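Heavy atoms only: backbone and side chains are in, while hydrogens, waters and symmetry mates are out. Everything numeric here is computed off the predicted structure, so don't read it as measured data.
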Amino acid sequence: MTNPWKKFEDARYLSFQETKEGTNFRVRVTDSEGNARTTSFFLPKMGKRELRKKAMEKRDEIIRELTSPTYTSDSEMYFSTYYEQFYLKKPRVMSLKNTTLREYKRMYQVYIKERIGNLKLNEIRKNNIEKLINDMVESGNGPSQINHVLRHLRKVFNEALEDELINRNPAIGRSLTPQYRPKKTNSLNADEMNRFLDLLEEESTYWRCVGYFMAFTGCRRGEIAAISWDDIDFSSNTIHIRHNAVKMKGQSIVVEDPKTPTSVRDIPMAPDLIPALQELRAEMPWSHYVFPSPSNPGSPVNPDTIYAHINGLSAKMGMKLTPHMFRKSFATLMKRANVDVSNAQKILGHSDVSVTYGHYMDVDEQDKRDAMDAFDKALNNTEWRGSK
């Protein structure tokens with residue numbers, strides 16, 4: 001990897017790296033014992049003379065700190081500081097596609113910042129990364145998302161290595177391969193699903209339609225939140241899944257492309273969903289989104305609001321309800337109806353049929369009884385028993 005740092009004019013111990021927003025500086029000195037000590041700082045865009053003046057003042061201040069007898073080798077730069085002020089402003093990172101940058105920032109906000117953001121860069125060890133992975137597993141994240149986050153962390157720490165802020169990458173090693181132990185998510189059987197649909201009759205048209213979407217399409221809550229009326233085709237009774245809504249901490253809701261290419265799909269509308277959506281459209285003819293935010297009608301509803309409302313129906317149902325439960329229930333009930341698994345995969349938007357089979361389709365007691373009945377019939381078949 002090419003070193004992006006360049007010597008800053010004729011200044012000793014100081015190198016720099018220009019970005020669109022300003023300049024990263026790095027100060028590197030060697031103490032009397034031959035130990036290299038390095039730290040970095042950032043200055044926003046300004047005039048050349050002012051930049052030189054402030055850079056030299058900051059350099060001198062840092063050199064005094066680095067060569068002080070009381071200086072400790074623990075870097076004062078926290079992971080969050082490095083990530084937000086340096087990593088994201090590196091030219092090679094800023095040149096990435098907007099969708100890639102948005103995904104990096106989403107992963108950082110959702111999975112990384114709260115877990116290791118408050119740790120100093122050279123205090124982060126493998127056990128910190130292992131704990132992050134275990135937390136993601138316990139939260140129900142699959143191996144694909146976990147590996148995605150892990151690959152990103154490796155890139156970030158590799159940049160910190162090149163910046164000489166750490167001396168090893170804590171996100172590298174076989175022991176960091178996630179052991180997938182997803183939380184058990186129950187699915188609703190047919191009786192429970194019908195009871196839920198009856199419960200929706202007490203809800204407003206808005207929330208009844210949200211519930212119908214979960215029950216009759218198996219969509220992710222972010223996909224439901226992002227659906228606009230342009231995605232609803234009443235002429236063919238088809239729903240076009242084209243976007244996904246994501247809420248990142250401290251930011252507004254972002255409507256972006258779905259998580260995988262196979263998530264872009266068309267879903268036929270169930271008979272019960274059609275009149276409910278038509279009623280909702282008549283109630284909100286002004287809305288671009290099918291489910292606008294109650295507090296900001298020009299934006300889609302927050303996916304977390306969907307979670308909270310559905311979870312709030314748990315007491316009436318006598319069981320814990322989550323949006324993801326309906327996605328799994330949809331897959332399981334399709335299996336019970338003898339729907340081909342490849343068709344279920346396409347409707348659910350899974351990239352691999354093994355995901356549909358392995359993590360979404362429950363095998364219940366009735367499935368087991370049916371399997372044993374089929375085995376018993378085969379065992380007692382005269383022709384079968386007489387074959388050699």
Side-chain angles (χ1 to χ4, degrees), residues 1-4 17 19-21 24 40 42 75 77-180 182 220 222 244-251 254 256-263 303 351-352 355:
M1 187 178 293
T2 304
N3 191 337
Q17 177 190 70
T19 73
K20 291 182 180 179
E21 298 180 5
N24 292 323
S40 303
F42 173 79
S75 172
M77 185 174 293
Y78 292 89
F79 182 90
S80 58
T81 303
Y82 178 74
Y83 190 89
E84 296 171 18
Q85 297 185 19
F86 292 93
Y87 177 77
L88 290 178
K89 294 175 181 177
K90 286 177 173 287
R92 56 182 149 219
V93 176
M94 295 182 71
S95 65
L96 296 171
K97 292 182 179 178
N98 288 335
T99 52
T100 302
L101 272 176
R102 192 160 59 237
E103 175 61 10
Y104 280 2
K105 292 175 183 178
R106 184 192 72 84
M107 287 192 295
Y108 172 67
Q109 291 287 346
V110 175
Y111 304 113
I112 300 171
K113 186 174 182 178
E114 289 188 2
R115 293 179 170 95
I116 64 171
N118 62 342
L119 299 179
K120 294 177 182 177
L121 267 176
N122 65 353
E123 286 182 349
I124 297 175
R125 302 289 184 264
K126 277 190 179 181
N127 65 301
N128 300 117
I129 308 301
E130 287 170 351
K131 185 178 185 307
L132 182 150
I133 291 171
N134 290 336
D135 285 349
M136 289 186 67
V137 170
E138 292 303 315
S139 297
N141 292 282
S144 177
Q145 181 63 67
I146 293 172
N147 280 317
H148 194 31
V149 171
L150 190 55
R151 284 194 298 272
H152 183 50
L153 281 174
R154 286 170 181 155
K155 291 178 182 177
V156 176
F157 284 115
N158 276 339
E159 292 290 342
L161 263 174
E162 185 172 309
D163 292 341
E164 299 180 356
L165 295 173
I166 57 176
N167 54 25
R168 77 266 176 280
N169 189 329
I172 291 178
R174 285 189 176 183
S175 63
L176 294 175
T177 303
Q179 300 300 310
Y180 186 52
R220 304 172 178 94
N244 185 58
V246 177
K247 176 66 172 73
M248 292 189 283
K249 190 173 181 180
Q251 299 182 31
V254 176
E256 58 186 17
D257 293 337
K259 58 190 294 187
T260 63
T262 52
S263 294
S351 58
D352 194 311
V355 177

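- Scanning all heavy atoms of the two residues, the minimum distance from M77 to F86 falls at CE-CE1, 3.4 Å.
- Here the side chains of F157 and I124 are in contact, with some heavy-atom distance below 4.5 Å.
- In this structure, H152 has its ring center closer than 6.0 angstrom to the ring center of Y83.
- Taking 4.5 Å as the limit, every side-chain heavy atom of N24 sits out of range of all side-chain heavy atoms of S40.
- Between the NZ atom in K113 and the NZ atom in K105 there is a gap of 12.5 Å [rounded to 0.5 Å].
- Closest approach of T19 and P91 over heavy atoms only: CG2-CD, 4.4 Å.
- For the pair L121 and Y78, the minimum side-chain heavy-atom distance is 4.5 Å or more.
- By the 4.5 Å heavy-atom criterion applied to side chains, L88 and M94 are not counted as neighbours.
- The two residues G222 and P303 make their nearest non-hydrogen contact at CA-CG, 4.1 Å.
- Looking only at distances, no side-chain donor or acceptor of T100 sits under 3.5 Å from a matching main-chain atom of L96.
- In this structure, the separation between CG on D135 and CD1 on I146 is 10.0 Å, given to the nearest 0.5 Å.
- Of the inter-residue distances, the one linking E159 atom CD with I166 atom CD1 reads 10.5 Å to the nearest 0.5 angstrom.
- Relative to the ring axis of F42, K89 places its NZ or CZ within 45° and under 6.0 Å from the centre.
- Within the 4.5 Å cutoff, the side chain of N122 has no heavy atoms near those of the N167 side chain.
- Under the 4.5 Å side-chain criterion, counting only non-hydrogen atoms from C-beta, V156 is in contact with F79.
- Without hydrogens or angle criteria, N169 side chain to R154 main chain gives a donor-acceptor distance under 3.5 Å.
- Residues R168 and L161 share a closest heavy-atom pair of N-CD2, 3.5 Å.
- Note: K131 NZ to I116 CD1 = 11.5 Å, rounded to the nearest 0.5 Å.
- With rounding to the nearest 0.5 Å, the separation of CD in E103 from CG in N98 is 13.5 Å.
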inquiry  = Working note: R125 + E130, criterion salt bridge (charged side-chain N to carboxylate O under 4.0 Å, His left out); need CA distance, chi angles, decisive distance, verdict.
reply    = CA-CA 9 Å; R125 302 289 184 264; E130 287 170 351; over 6 Å; no

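- Within the 4.5 Å cutoff, the side chain of D257 has no heavy atoms near those of the N244 side chain.
- Using a 4.0 Å cut-off between charged side-chain N and carboxylate O, K90 and E21 make no salt bridge.
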query = Passes side chain to side chain contact (heavy atoms under 4.5 Å, CB included), I133 versus V149? Steps please.
reply = CA-CA 9 Å; I133 291 171; V149 171; over 6 Å; no

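- By the side chain to side chain contact (heavy atoms under 4.5 Å, CB included) test, K155 is found to be paired with Y87, Y104, residues two or more places apart in sequence or in another chain being considered.
- Interatomic distance, CG of N128 versus CZ of R115, reported as 12.5 Å (0.5 Å rounding).
- Side-chain contact between S80 and Y108: present, with at least one pair of heavy atoms (C-beta onward) separated by less than 4.5 Å.
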